[in-house]
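FYI, side chains are in, hydrogens and waters are out, and symmetry mates aren't considered; it's all heavy atoms of this structure.
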Amino acid sequence: MVREALAAGGGRLIVLKGQAGIGRTALLDEAERMLRAAGLRVLPVRPGAGPGSLGDDAFALAPLVRTVRDRFEEFQEAGPADALAAVARLSDAAGRDTGGWRPSIVTALGDLFDGIGRQGSTAVLADDVHAVAEPAPVLTAARRSGCLVLATCETGTEHTPGLAELLAAADRVVTLGPLADDVAESLVRRAQGARLDEAVPGILRTALGPLFGNPGTVLATLADLRARGRLTVFRGRLCLRAPSEPIELPAGHHLLRRVAALGDPAARLLSSVAVWDGVNVADLPLLAEVIGTGLTDCGRVLDQLIEAEVLVADPAGRVSCRCPALAASVAGGPAAHGGAALHAAVAERLLARHRRSGGVDPVVLADHIARGGPAVALEGPMVTRLLELAEDAEREQPERAALWCAAALRRLPPGGPEHARTLTRLLDLVLRTGRYELLRDVLTQYAEQGARAADEGPRDAEQGRARSSSAEIRLAAVLVALHSGEPPAEEAVRSLLDEGVTGREPIGFAEWWFGRPAGPGRVPGRAGRPARQNLPDRRNRRTRPTGWTC
């Protein structure tokens, strides 16, 4: 593009348009290097740089004056002193009614650029011209004087009158799109000084979604991960620590700035959508009720967030955060309604509606019950319904089934037969999905109630079930300890692990869980428990026991 403009000769005005962080400034810097190598003098005008702000400087005259003065030796043969002084005087007069003296600006700018252009080929590079109320007079004056002008602006600002005038006057407008996935992955690897673990780019791609093609976002997120201690060298490879924890957008990201500019109602609504994990338009009245906002105001703010490209809506009417990293950034922020509290409030309203008239989607209700935690009071039939839904979803949606199964288990009395069966099912689902955090509530519940029930329970069959339940709890404790790197905090749970190590049959537990072949062709494993070949693939990052991606 730059070479074509140079070959065409004469003055040309090219505008580069793209999203924040897409690489407009980097591209302009590369263009400056190429132009200088081609023998052109370059005059970079950056309205957002330097001391102070533009304020009433609607034409960005002050940045122009500052740049020419900084490079006066390069342009002094053009004798710009008088013309520059005239522009400086107009700049100092900023704040007055500019309508009557715009012709003076055009004349002064023409004199300045004519003098610069007569001394040889010159390029004017203007970054972020969307920050200028009226960028056209300066840039078109440079083009009329024979300069090559490259300007950049942010997508979404085209509707402003000043920028619309510039785009209409441009010889060419180029829209910068996102990087292809393989190019973005190459950027991630080049940005690191150590050998990057193969899992990191994939995790980053999932977290950033469509923003993975935005180089500014990718590089800023990597820098943020390093600053948080999430990226560190392990055995010669650069690994992501605690890969199951969400990746957030860095503070100051342009999406977060847009939300802050829209005010508190937008921040509260966004955090609620993030916690809800996306909402349907039909759910808007319920969401407005839960967060205490009028339905009309809620709809208006929702439209603003979609227009700002913070939220996205699909054809089916489902609204969600633009990427998981954005959701992670706002779900726990100061404006958050509270994850479990929001789900619990929604679940209570849906349960009340279900008792009155039915018509509630059981899957939606089960999701909110599970994420609402123990604050949601459930009757026995609904606990049974949760278990039925979990059983139906085991094959196609094991992660969802694990969530529902854990929610039902929390409401079953420890030591009972249903509790033991549900715990066995949950362990199977956790091993399949890697959702080991679901076992923490199980260990806490056992420490509070289960240990006492096991000690005080009846003999014979019930006592056998208690021992079986203790063995399942021991496995849960082992899994959590292995995959979190921390031993269980509960004394009652630690005592179970001690029994497994110091007992008379130290390998009995392993044989009990993984099974023992009883003859040719028999598959190891016991009924209701996973066999060896059903254990998670070690290549799955979420099943590695150290909490690392490598």
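By the 4.0 Å N-to-carboxylate-O rule, R257 lies too far from E154 to be salt-bridged with it. Contact check on D128 versus R46 returns no salt bridge, with no Lys/Arg side-chain nitrogen under 4.0 Å from an Asp/Glu carboxylate oxygen. Checked for salt-bridge contact, R349 and D283 miss the test: no charged N lies under 4.0 Å from a carboxylate O. In this structure, R230 does not pair ionically with D224, as no charged nitrogen and carboxylate oxygen lie closer than 4.0 Å. At a threshold of 4.0 Å, the pair R440-E437 does not count as salt-bridged, since none of the basic side-chain nitrogens sits closer than that to a carboxylate oxygen.
R400 pairs in a salt bridge (Lys or Arg N to Asp or Glu O under 4.0 Å) with only one of the listed residues (D277, D392, D367), which is D367. Tested against L326, the residues L311, L256, V259 include a single side chain to side chain contact (heavy atoms under 4.5 Å, CB included) partner, L256. Evaluated for a side chain to side chain contact (heavy atoms under 4.5 Å, CB included) with V319, the options L302, N280, L305, L287 yield exactly one hit, L302.
The two residues L386 and A407 make their nearest non-hydrogen contact at CD1-CB, 4.1 Å.
Checked by atom type and distance alone, the side chain of R425 pairs as donor or acceptor with a backbone atom of L387 at under 3.5 Å. Between the side chain of H343 and the backbone N or O of V275 there is at least one donor-acceptor pair closer than 3.5 Å. Of the possible polar contacts, one joining the S271 side chain to the R268 backbone as a donor-acceptor pair under 3.5 Å is found. Between the side chain of R24 and the main chain of G18, a donor-acceptor pair closer than 3.5 Å is present. Put simply, the side chain of R432 gets close to the backbone of E394: a donor and an acceptor are under 3.5 Å apart. Distance alone, capped at 3.5 Å, places no donor-acceptor pair between the T293 side chain and the C298 backbone.
Sorted by first and then second residue, the salt bridge (charged side-chain N to carboxylate O under 4.0 Å, His left out) pairs involving residues 212-223 (not counting sequence neighbours) form an empty list.
By the 6.0 Å contact criterion, CD on E30 is enclosed, its count of non-hydrogen atoms from other residues, nucleotides or ligands being greater than 12.
Going from atom CD1 of I22 over to atom OG1 of T217 covers 8.0 Å, rounded to the nearest 0.5 Å. Taking CZ of R258 as the reference point, atom CD of Q304 lies at 13.5 Å (rounded to 0.5 Å). One distance of note links CD1 of I203 with CG of L225; it measures 10.0 Å at 0.5 Å rounding. Going from atom CD of E185 over to atom CG of L179 covers 12.5 Å, rounded to the nearest 0.5 Å. Distance CG/L28 to CG/L125: 4.5 Å, rounded to 0.5 Å. With values rounded to the nearest 0.5 angstrom, L409 atom CG is found 9.5 Å from E418 atom CD.
Scored by the side chain to side chain donor-acceptor pair (under 3.5 Å) test, S186 finds R190 as partners (sequence neighbours excluded).
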